[in-house]
Number of protein chains: 2
Amino acid sequence: MDKIVNEINPYLVKIFNEVLIIEENALKGSRFNDLSIKEMHTIEAIGMYGENTTSEVAKKTYVTVGTLTVSINNLVKKGYVERIRSEEDRRVVKLGLTKKGRLLYRLHDKFHRDMVKETLSDLSEEEAEILVKGLRNLHLFLDRTKNSL
Amino acid sequence: MDKIVNEINPYLVKIFNEVLIIEENALKGSRFNDLSIKEMHTIEAIGMYGENTTSEVAKKTYVTVGTLTVSINNLVKKGYVERIRSEEDRRVVKLGLTKKGRLLYRLHDKFHRDMVKETLSDLSEEEAEILVKGLRNLHLFLDRTKNSL
DNA sequence: AAAATTAGTTTGAACATCAAAATGTTTGAC
DNA sequence: GTCAAACATTTTGATGTTCAAACTAATTTT
């Protein structure tokens, strides 16, 4: 047991440390080089269907609504996001992606899917299911930890 | 194949997004609440044996040496890190952890190890090996992507 | 021994973040 | 119906992080 912990731990540490840097660099090398990885994840949280409010996106991205407002100002200025006042409740702002924003969303989604495909490349169906089980355990641990703080 | 990509992708996205937040909150709730998660990872990169230089730690943490110098100033002030001029080459600064820094290092390491243990909790030896294989693939994908930028 | 290189520090500008105050809208109590 | 409370968002001011570039000091090369 300890042996395998010693094997997995460094992979996880390296993966966590590197994935953000790598995504940031992938952005910098693309035509969307006016965005940071944080802005990319904000766009990811806004999603394709313009149904999320400012508060909801702030919650998803773990920042205060004040911080999100500033960030959305920049994303609107850069042409990725638009604000739409809700007609049912005029306090509420729905956030949506522009055409350019949706293009980027799909590109980033493809990056993630390619990453997962590579991860599964030489695994059988049954082995992939086991991987899912492990990731589910990890995810449950994190959620439990989050809620016990 | 597509079905399982659709299953794994959201787990990875959530895990990546949450792990930093959760570690940050775990720190805030501990006796080491004067540190951010970035500072924690700097301490992790400095390591237990005081053999790493400023440049090496900057490279590991993906920041410029200037940024690291500022960060190390704070960690020295807070009592976690000490600078030791190298005697062989007096331009070089070796970074080491104080007693307090080493205590924190071990605590953080335990957090990681507990996380991995939970991930493996209901997996057999063979299943754990399959998980390692998947993580190795993911890690190789990230390294390949990094080097092709 | 002068010039070039290297390791690290300092500085100034840009940006991210939060908490708290401010603005505009809706809901509920009377 | 009106007024107070609650709510969603924005604005503001302070703090912290980051980078690039200028700088200092030590070493290596020529």
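Chain A is the first sequence line, chain B the second, and so forth, proteins listed ahead of strands; every chain is numbered from 1.
- Applying the ring pair (Phe, Tyr, Trp, His ring centres under 6.0 Å) criterion to B:His108, with sequence neighbours excluded, gives B:His41, B:His112.
- Distances shorter than 4.0 Å separate some side-chain N or O of A:Arg83 from OP1 or OP2 on D:dT10.
- Proximity note for B:Asp89 (side chain, C-beta onward) versus D:dT9, D:dT27, D:dT17: the nearest is D:dT27.
- By the 4.0 Å N-to-carboxylate-O rule, B:Glu39 lies close enough to B:Lys78 to be salt-bridged with it.
- Taking for each of B:Gly66 and A:Ser36 the nucleotide of DNA chain C with the nearest heavy atom, the 5'-most of the two is the partner of B:Gly66.
- For the OP1/OP2 pair of C:dT17 and a distance below 4.0 Å, the side-chain nitrogens and oxygens of A:Lys38 include at least one atom meeting the criterion.
- Applying the ring pair (Phe, Tyr, Trp, His ring centres under 6.0 Å) criterion to A:Tyr11, with sequence neighbours excluded, gives B:His139.
- Nearest to the side chain of B:Asn73, among D:dA26, C:dT10, D:dT10, sits C:dT10.
- Mapping B:Arg90 and B:Ser71 onto DNA chain D via the closest heavy atom, the residue that lands nearer the 5' end is B:Ser71.
- Side chain of A:Arg83 to backbone of A:Leu95: no donor-acceptor contact under 3.5 angstrom is found.
- For B:Val93, counting side-chain heavy atoms from C-beta on, the closest listed nucleotide (D:dA26, C:dT25, C:dT9) is C:dT9.
- The salt bridge (charged side-chain N to carboxylate O under 4.0 Å, His left out) check on A:Asp114 picks up A:Lys110, with sequence neighbours excluded.
- Between the P atom of D:dT10 and the CD1 atom of A:Ile72 lies a distance of 9 Å, rounded to the nearest Å.
- Closest contact between the side chain of A:Arg91 and the listed nucleotides C:dG8, D:dT9, D:dA6 involves D:dA6.
- Each of A:Asn74 and A:Arg85 has a nearest nucleotide on DNA chain C; the 5'-most of these lies closest to A:Asn74.
- With B:Thr42 contributing its side chain and B:Lys38 its backbone, the two residues share a donor-acceptor pair below 3.5 Å.
- Taking a 4.0 Å limit (strictly below) on heavy-atom distances, residues 50-61 of chain A reaches DNA chain D at A:Thr53, A:Thr54, A:Ser55.
- A donor-acceptor pair shorter than 3.5 Å can be found between the side chains of B:Tyr80 and B:Asp34.
- In terms of the side-chain hydrogen bond (donor to acceptor under 3.5 Å, both in side chains) criterion, residue partners of B:Asp89 (sequence neighbours excluded) are, by chain and number, B:Arg91.
- Taking 4.0 Å as the cut-off between side-chain N and carboxylate O, A:Arg136 and B:Glu7 count as a salt-bridged pair.
- For D:dT10, the OP1/OP2 oxygens have a side-chain nitrogen or oxygen of A:Thr69 closer than 4.0 Å.
- The side chain of B:Val65 has C:dT9 as its nearest neighbour among C:dT25, C:dT9, C:dA7.
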In dot-bracket notation, what is the pairing pattern of DNA chain C, taking Watson-Crick (N1-N3 plus N6-O4 or O6-N4) and G-U wobble (N1-O2 and O6-N3) contacts under 3.5 Å, with [ ] crossing and | for other strands? ||||||||||||||||||||||||||||||
